[in-house]
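Here is the structure we will look at, set down as structure tokens.
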Amino acid sequence: MAFGKNGKPLREFHMLKLSRTLLYLIYFLSKTPRLATVLLYLLRPLYVPVRETFLNKKFRYGLLTFGAGLLSPDVLKAYGYGARAIIDNINEVIRNAREGRPIVWVEWILNPEMLDAFDVTSFNSAILNVFGNAYGAEGPYSLIEEAEKFGVPVEYCSAMKLDMGAYITGQIPRPALTIAGSHPCDTNVSITQSFEYLLGVPSFIFDVPYWKDGYSYEYFEKQVWEQIDFLEKNLGRKIDWDRLRDMLERLNKFNYYLSEICEMQRATPCPGTHFNLLFAWVVRELNVRSPHAIKMTEALYRAVKKRYDRGKGVVKKEKIRVLLWFPPIAFFTYLFKWMEHEFGAVVVADFIGNVSTVQIDTSSKESMIRDFAVTQMHLAMGRQCHGPAEFITDEMVSYIDGYSVDCMIFTGHQGCKHGWAAAKIIQDTCKKKNLPALYLSIDIMDQRHLDEQGVRNQITEFFRSHGWVE
Amino acid sequence: MGGMKVFEKIRNLAEKDFNEYLDAEKQKGRKIIGYFCSYVPEEILHAAGFVPYRMRAVGSGSTARGDVYFASLNCTFVRHCFSKALEGDFAFLEGVVFMNGCDHTRRMYDNWRHARLAPSYLHMFTAPHLINPLALDHFEGELQKFKKSLEDHFGLIITPESLIESMQVYNRKRALLAEISSIRKDPAVPIKGSEFLALMLAVTAQPVEEAVTLLEEVREACRGRRTAREGDLRIFLSAGCVEEISHLELIEECGGAVVADNLCMGSRHYDALTDASQPPLRALAERYLTHLSCPRMMNDFRRRLKYMADVREGYAVDAVIAEKLKFCDLWGGEIFLYRQESKKRDFPLLTLERELYGGGTGQIRTRLQAFFEQIRNRRTIAGDPVRSDSSNEVRH
């Protein structure tokens, strides 16, 4: 089990700590956003036009992710809050692991709000899916390889293999309890059982119903009540309803700001980079419990609103409006700013960042749990992937119609079997809408399948072949 | 009917997707409804007056037409079945019931509708991924929805009495299957694994009443029968979709006798009876949710493991063969866990990855031969006090 320097095993939490370093860098840069923007812009030749090298590998991904000097200072400042929220969670997790205090793993499509009501540390085991790139391009796929060497099926979605690799190499902490679910795919159904077997800790599993109707919501709601019982029993403490109310009120605010941003993205020109919504999703997944999470969405909302009110777009001359469909490319988060900068192509909606949920009625325990259940079932990926193909295509069509989209880029992730099984339906839907579409065959976690340059080439050719760019 | 004749008849039925029994029922005006997965309650279809037909890829020559709708990352069972659907091979069906068994099969429901394939009754039946009281209540509701959809579409009423009658006849069928399967405990192995698979294919493609008669004949034909050869290794076979009789014959040719299984077309089909003393839908929900599970059930691995341990002991199993079709996450994960257990409990395990009707016989034969040879060598060494070595494990 080794892929560190000179083949030596990585130190415990090494990649988690690298992620934290990267986030600290962003956090400190965001303290002086104007200066940071200028600096990041001036230093672009060191990390933007070139591939990852020995010299830039530790910072290239991070600086590209945070806009490479192309984000406006107010947006960079907002990202600083988000970075702080994640840093706080990493610090708490590392401290708990050292001191032997409980950490609860919460799966990536089930957010950690409920754990706030128990005042217990939550951790999303998928954190290195995104920030593992801080180690360099080989970070994520080295973890994937470790999982495969351990015997995890190669055909699993690489996101899940990466989680397993992170666990067996000691890059993420061992939990006291786990919370998981049966969506969005078979890999999740399967690996949850493997983790349960290997960890040997109590695990609560949500059985996510296939449909979205009253009967299904009610079933999920009952499971949320059971989750409370499970946590009370295994943590040896009672739920604090006031804390839950406070958390859900903050969640309402969080979702409100993001929903407003989604609405503003409909405008032509589009006022914000769509990466804002994706970063907010990452923060939500990792630590929506932090007060910094709200600060981030509020600041993002203000930044986008300012442009929206002035009728200004995120790029000076918007040429192409893109719908990005299916999970975004984790190793190429710069995709958004690159398309904007290079082609005036703006992603206006996507599979993950767009928010579709309800506001939670916090007037009673019952209403809180009822609406909280709905918000959980409406989380990105969960809401589209757990039912019939219409859950994917209806939302897609609503974006095509509502966001004045010129084209679609489909990020066909290798591990997503149900996604590929619906590809013809998606293709035919686009044809019917007369929408040009690029179908990428990609592994969103593992760039050995199609790397950053490969993605750039295919997108460039796609735009050229449709006459949108020279 | 003579012993050999009945096995020939079974073989003949198993090798066709449509047979004379189905044809006769159609002539009588009885509707045939196809269903995927062992979680779909046949009793409800039967109580509605239909003949439940377990969907299969038997007779498929290629996945070419299905490949237009499914990707190369989807399993060959789905691609073969969908090709057959596009070819019109399922034209004899009046309805198809789909299941959220896995990511590949659940998209069959979507693509079937998208391709506007007949018949007009297409129902997505869903089952929980957990076994617990809450899931059971929810599942009972799903059964109720399923019953209602049949009643609404076909304009009929499914009475509690007819459900009870159906439960009784299906219990009879399951009990007979379990009994025939269990006679493989006998060292003589009166029915081969390949013959038992053929039997499963036959009785899931004929009216249950005929199936019961056939099973009674088979039970008789098995009396005093011996298929075991000297030195055969007794095998437990665990997998998802296996419907090629030739594949089991290959295991037998190489010196294995499949004496027990955890297959869709095997023990998962007949494990557990319905409790006729309960209200019908509740009883069905309980039976179908709690029967021997497949890896789609997330909180049941320990029970599957216990089943395997009990069977290994009860059937004097020498080795386990676990198989999966390519790109099957669920069985991939199950096999990963089997490997962990095989290390812990030190039982011989061979894991195979295959394509349905995908050939590769030579490669599989070599792996089987090597595996069986290792087990035999291990026994020889274990019996030799000088060469005995506790670290001599067999794992492929």
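In the text below, chain A, chain B and the rest are named by the order of the sequence lines, each starting its count at 1.
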Item to complete: Counting only heavy atoms closer than 4.5 Å, note whether B:Asp300 contacts chain A via side chain, backbone, both or neither.
Response: neither

Worksheet item: Which answer fits B:Asn74, side chain, backbone, both or neither, if we ask what part of it has an atom under 4.5 Å from a heavy atom of chain A?
Response: side chain

Discussion item. Can you tell whether the side chains of B:Glu142 and B:Lys145 come within less than 4.0 Å, N to carboxylate O?
Written reply: yes

Worksheet entry | Residue selection (most heavy-atom pairs with chain B, distance under 4.5 Å) from A:Gly415, A:Gly419, A:Ala389 | A:Ala389

Discussion item. Strictly below 4.0 Å, N to O, side chains only: are A:Lys424 and A:Asp428 in salt-bridge contact?
Written reply: yes

Fill in: Residue B:Lys324 versus chain A: region with a heavy atom under 4.5 Å
side chain

Fill in: Steps toward side-chain contact (heavy atoms from CB on, under 4.5 Å) verdict (B:His123, B:Leu150)
CA-CA 9 Å; B:His123 181 79; B:Leu150 287 168; over 6 Å; no

Worksheet item: Relative to the ring of B:Phe36, is the ring of B:Phe98 parallel (under 30°), tilted (30 to 60°) or perpendicular (over 60°)?
Response: parallel

Practice prompt. Select, from B:Met297, B:Lys326, B:Arg296, B:Glu341, the one with the greatest count of heavy-atom pairs under 4.5 Å involving chain A.
Written response: B:Glu341

Discussion item. So which residue, B:Tyr69, B:Tyr109, B:Phe301, ends up with the most heavy-atom pairs under 4.5 Å with chain A?
Written reply: B:Tyr69

Worksheet item: Between A:Ala423 and chain B, which part of the residue has a heavy atom less than 4.5 Å away: side chain, backbone, both or neither?
Response: neither

Worksheet item: chain A heavy atoms under 4.5 Å from B:Gln340: which part of the residue, side chain, backbone, both or neither?
Response: both

Item to complete: Measure up the A:Tyr439 and A:Phe410 rings against each other and bin them: parallel (under 30°), tilted (30 to 60°), perpendicular (over 60°).
Response: tilted

Worksheet entry | Sidechain-backbone polar pair: B:Asp103 side chain, A:Lys417 backbone, donor-acceptor under 3.5 Å | no

Worksheet, complete the sentence: The interface call for A:Glu226 against chain B, heavy-atom contacts under 4.5 Å, is side chain

Worksheet item: Quick one: what part of A:Gln427 sits under 4.5 Å from any heavy atom of chain B, side chain, backbone, both or neither?
Response: neither

Fill in: Any donor-acceptor pair under 3.5 Å from B:Arg107 side chain to A:His418 backbone
yes

Worksheet item: If you tally heavy-atom pairs under 4.5 Å against chain A, which of B:Phe82, B:Trp331, B:Phe327, B:Phe70 wins?
Response: B:Phe327

Worksheet item: For B:His114, is it the side chain, the backbone, both, or neither that has a heavy atom closer than 4.5 Å to a heavy atom of chain A?
Response: side chain

Practice prompt. Heavy-atom distances under 4.5 Å only: say whether A:His386 touches chain B with side chain, backbone, both or neither.
Written response: backbone

Item to complete: Return the option, out of A:Tyr210, A:Trp420, A:Phe206, with the maximum number of heavy-atom pairs under 4.5 Å with chain B.
Response: A:Tyr210

Item to complete: Count the heavy-atom pairs under 4.5 Å between each of B:Ala115, B:Ala127, B:Gly141 and chain A, then report the option with the highest count.
Response: B:Gly141

Discussion item. Can you see whether B:Phe371 has B:Arg367 sitting over its ring - NZ or CZ less than 6.0 Å from the centre and within 45° of the normal?
Written reply: no

Worksheet item: So, A:Glu107 side chain and A:Gly181 main chain: donor-acceptor pair closer than 3.5 Å or not?
Response: yes

Fill in: Closest-packed option against chain A by number of heavy-atom pairs under 4.5 Å, given B:His138, B:His129, B:Glu353
B:His138

Worksheet entry | For chain B, the option from A:Ala421, A:Ser190, A:Pro153 that forms the most heavy-atom pairs under 4.5 Å | A:Ala421

Practice prompt. Could you tell me which portion of B:Val78 (side chain, backbone, both or neither) has an atom closer than 4.5 angstrom to a non-hydrogen atom of chain A?
Written response: neither

Worksheet entry | Reference residue A:Thr187; test side chain to side chain contact (heavy atoms under 4.5 Å, CB included); the match among A:Lys161, A:Met160, A:Glu155 | A:Met160

Item to complete: Go through the atoms of A:Ile392 and report whether side chain, backbone, both or neither lie under 4.5 Å from a heavy atom of chain B.
Response: side chain

Fill in: B:Arg79 side chain to B:Cys75 backbone, donor-acceptor under 3.5 Å
no

Worksheet item: Any idea how A:Tyr217 and A:His378 line up, ring-wise: parallel (<30°), tilted (30 to 60°), or perpendicular (>60°)?
Response: parallel

Worksheet item: Quick one: what part of A:Ile205 sits under 4.5 Å from any heavy atom of chain B, side chain, backbone, both or neither?
Response: both

